[in-house]
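Structure first, commentary second.
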Amino acid sequence: MQRFDPNQLAVRSGHFIHGRLVTGDADASRDVLRPSDGQAYAPLPMAEADLVDQAVDDAYVAWRDGDWARRPPRERARVLRRWADLVEADAPTLAPLEAVGSTRPVRDALAWDVPFTADGLRFFAEYADKLGGEVAATRSDNLGMTIAEPYGVIGAITPWNFPLVMASWKVGAALAAGNAVVLKPSELTPFSVLRLAELAVQAGLPAGLFNIVQGDGRVAGAALSRHPRIAKMTFTGSTSTGAAIMAACAQHGPKPVTLELGGKSPQLVFDDAPDVERLAGIIAGAIAGNAGQVCVAGSRLIVQQGIAPALVKAIARRFAAYRPGPTWEDGPTLPPIISRQQALRIDAIVQRAADAGATLRGGGPVDDVCGAGAYYLPTLIEGVDAGNPAVLEEIFGPVLTVQTFATEEEGLALASHPHYGLAAGVHTADLNRAMRAMRALSAGTVWINRYGRSNDFVIPTGGYHQSGIGKDLGRQAVEANQRLKSVLIDFGSPV
Ligand code: NAD
């Protein structure tokens with residue numbers, strides 16, 4: 001099944017505590033809207049601090065009294081692998097559930113989000129018995145060791161742009177390392193992860209090891225971050241929220257944080273980059289995909305003067321070909337913006353860019369696509385300097401700024417951003433230049449002659465500067481869910 005009728009979809013709502021849905025207080029619920037048409041489609045209970053307490057305490061007791069952390073790691077891996085298989089097999093249910101409430105077209109959810117979520121869980125399962133610690137170089141009548149141990153209960157908070165995938169990165173790594181997790185998903189996309197949790201229990205995950213609390217960031221998210229039984233927080237979202245969570249963790253702990261935050265990633269293109277048409281496809285896709293609502297969106301084109309006219313023309317042609325439409329249709333190529341408020345925010349930055357002297361080429365908001373859904377056509381902004389708001393601010397929409405340069409040095413200077421350092425693309429046929437740029441760019445990820453993550457989960461992802469602290473994915477993500485105990489044994493003299 002691909003195309004579906006959103007009105008026929010059964011959506012189950014609630015928190016998820018101790019292996020089952022908890023409906024919560026009906027008076028304290030809020031309607032969740034479908035971004036594609038702005039219609040309310042299910043009520044969401046909004047947790048207050050007492051419900052967060054309940055979810056965390058339940059996870060803590062399940063972790064402390066259960067055997068998840070103590071059972072043979074390969075048994076943990078087996079549960080996670082079984083979970084991944086169930087997720088994959090559940091695609092006909094999960095994909096429409098993901099699509100109806102988010103900006104993910106059902107076609108993409110089936111082809112990518114659901115299988116990618118399952119494969120991510122498998123990746124973390126493979127690490128369950130690989131990271132136990134190290135033997136230290138001590139004197140020969142001593143044995144020194146570090147032993148990797150789980151923290152206990154990890155608090156996870158995720159954004160709305162890829163609800164299943166973002167949650168699976170947090171939860172998979174935490175569980176593989178032997179922890180329990182309490183997740184607070186975005187209040188805008190809260191339902192598909194409930195199905196993910198149900199499947200985890202079906203796969204054999206003990207009840208309480210993966211709890212979900214629904215609600216507002218400033219209420220439920222803040223209560224989770226400062227909860228004394230949350231031993232570590234892992235967060236994906238905006239830089240300002242990441243800072244608030246870090247402050248809460250410092251004041252109510254302190255406790256460690258992993259933060260995956262915002263970005264304003266450059267695409268640095270040199271004159272010798274091969275195949276302008278292919279390159280235009282990469283650059284257009286990297287900013288128009290998911291309507292630009294991607295943390296690593298390549299939002300700043302920094303292009304050398306020789307290739308600039310042909311490349312910008314080819315990108316503009318591709319931008320013009322995008323067709324907006326709801327996530328439950330097969331044909332559209334441009335999904336909605338998550339909310340009307342977010343679409344207004346995008347347009348406000350674009351208008352400020354124009355007021356500051358920029359030239360807009362095409363794009364902009366479009367009404368009447370589907371009910372009250374908010375759509376924004378891919379927009380090119382030329383004639384911007386480094387201080388233009390569209391160059392400085394994370395727009396989180398399909399808006400690409402264009403800046404040109406003459407020399408490699410100028411290009412590298414333009415590519416650097418005063419705050420963000422999430423990702424960068426470099427496009428050139430000259431290997432030496434590519435390597436120089438890779439070294440010079442201050443970003444957590446550099447893609448050369450491509451743009452975007454692959455299925456190589458072993459490559460960690462995370463930002464420099466205000467784009468984050470720590471890594472999701474890779475061995476590093478599992479290690480971030482473990483703490484190290486140092487052990488020194490003296491066996492020199494008979495007792
Ligand atoms: P957001 O920061 O508004 O919200 C993210 C989550 O934090 C939500 O669940 C929200 O309820 C919660 N929250 C809000 N205020 C809180 C508080 N005071 N305490 C605790 N929790 C709180 O972000 P968003 O709009 O959902 O997502 C878009 C942002 O996420 C963009 O900036 C994007 O770049 C970033 N992002 C980063 C990555 C990455 O890997 N670096 C991936 C995806 C998205």
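In each ligand, atom 1 is the first atom listed, and ligand 1 is the first ligand listed. Just so it is clear, the values below take in all heavy atoms, side chains as well, and ignore hydrogens, waters and symmetry mates.
Among all non-hydrogen protein atoms, the one lying nearest atom 35 (C) of ligand 1 is Gly237 O, 3.1 Å. Atom 23 (O) of ligand 1 has as its closest protein heavy atom Ser238 N, 3.5 Å. Counting protein heavy atoms only, atom 24 (P) of ligand 1 is closest to Trp160 NE1, 3.3 Å. Distance from atom 15 (N) of ligand 1 to its nearest protein heavy atom, with residue and atom name: Thr241 CG2, 3.4 Å. Of all protein heavy atoms, the one closest to atom 32 (O) of ligand 1 is Glu394 OE1, 2.6 Å. In this structure, the protein non-hydrogen atom closest to atom 17 (C) of ligand 1 is Gly217 O, 3.4 Å. Nearest protein heavy-atom neighbour of atom 10 (C) of ligand 1: Glu187 OE1, 3.7 Å. Of the protein's heavy atoms, Leu261 O, 2.7 Å lies nearest to atom 41 (N) of ligand 1.
Proximity of Gln293 to ligand 1, defined as any heavy-atom pair under 4.0 Å, is not found for any part of the residue. Residue-level proximity to ligand 1 for Phe396 is carried by the side chain, the only part with a heavy atom below 4.0 angstrom. Contacts between Thr158 and ligand 1, counted as non-hydrogen atom pairs separated by less than 4.0 Å, involve the backbone only. Under 4.0 Å from ligand 1, the heavy atoms of Asn161 that appear belong solely to its side chain. At a 4.0 Å heavy-atom cut-off, ligand 1 touches Pro185 through the backbone alone.
At under 3.5 Å, not a single nitrogen or oxygen of Phe235, backbone or side chain, sits near a nitrogen or oxygen of ligand 1. Between Ser467 and ligand 1, not a single N/O pair is under 3.5 Å apart.
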Which side-chain N or O atoms in residues 150-160 pair as donor and acceptor under 3.5 Å with protein atoms at least two apart or in another chain?
none

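Judged by distance alone, the side chain of Asp385 and the main-chain N or O of Gly387 form a donor-acceptor pair under 3.5 Å. Using a distance-only test at 3.5 Å, with no hydrogens or angles considered, no donor-acceptor pair links the side chain of Arg30 to the main chain of Glu187. Arg300 contributes a side-chain N or O that, together with a main-chain N or O of Lys264, makes up a donor-acceptor pair within less than 3.5 Å.
Distances shorter than 4.0 angstrom do not occur between any heavy atom of Phe162 and any atom of ligand 1. In this structure, Ala222 has a heavy atom closer than 4.0 Å to ligand 1.
Residues passing the salt bridge (charged side-chain N to carboxylate O under 4.0 Å, His left out) test with Arg323: none are found, sequence neighbours excluded.
When the shell of 6.0 Å around CZ of Arg20 is examined, it contains 12 or fewer heavy atoms from other residues, nucleotides or ligands. The environment of Arg12 atom CZ is sparse: at most 12 non-hydrogen atoms of other residues, nucleotides or ligands sit within 6.0 angstrom.
Inspection of the His18 and Asn211 side chains reveals no N or O donor paired with an N or O acceptor under 3.5 Å. A donor atom on one side chain and an acceptor atom on the other are found under 3.5 Å apart for Arg453 and Thr461. Remark: the Ser442 side chain and the His465 side chain contain an N/O donor-acceptor pair separated by less than 3.5 Å.
Comparing Cys295, Gly462, Gly468 by heavy-atom distance to atom 38 (C) of ligand 1, the nearest is Cys295.
Between Tyr127 and Phe457, the distance from one ring center to the other does not fall under 6.0 angstrom. For Phe191 and Tyr41, the gap between ring centers is short of 6.0 Å.
Those atoms of ligand 1 that come under 4.0 Å of a heavy atom in Ile245, given as number and element, are 19 (N), 20 (C), 21 (N). Within ligand 1, the atoms closer than 4.0 Å to a non-hydrogen atom of Met166 are 42 (C), 43 (C), numbered from 1 in the order shown. For ligand 1, the atoms sitting less than 4.0 Å from at least one non-hydrogen atom of Ile157 are 6 (C), 7 (O), 9 (O), 12 (C), 20 (C), 21 (N), numbered in the order shown with element in parentheses. Near Glu260, meaning under 4.0 Å from any of its heavy atoms, are these atoms of ligand 1: 37 (C), 38 (C), 39 (C), 40 (O), 41 (N).
The CD1 atom of Ile459 sits 8.5 Å away from the OG1 atom of Thr445 when rounded to the nearest 0.5 Å.
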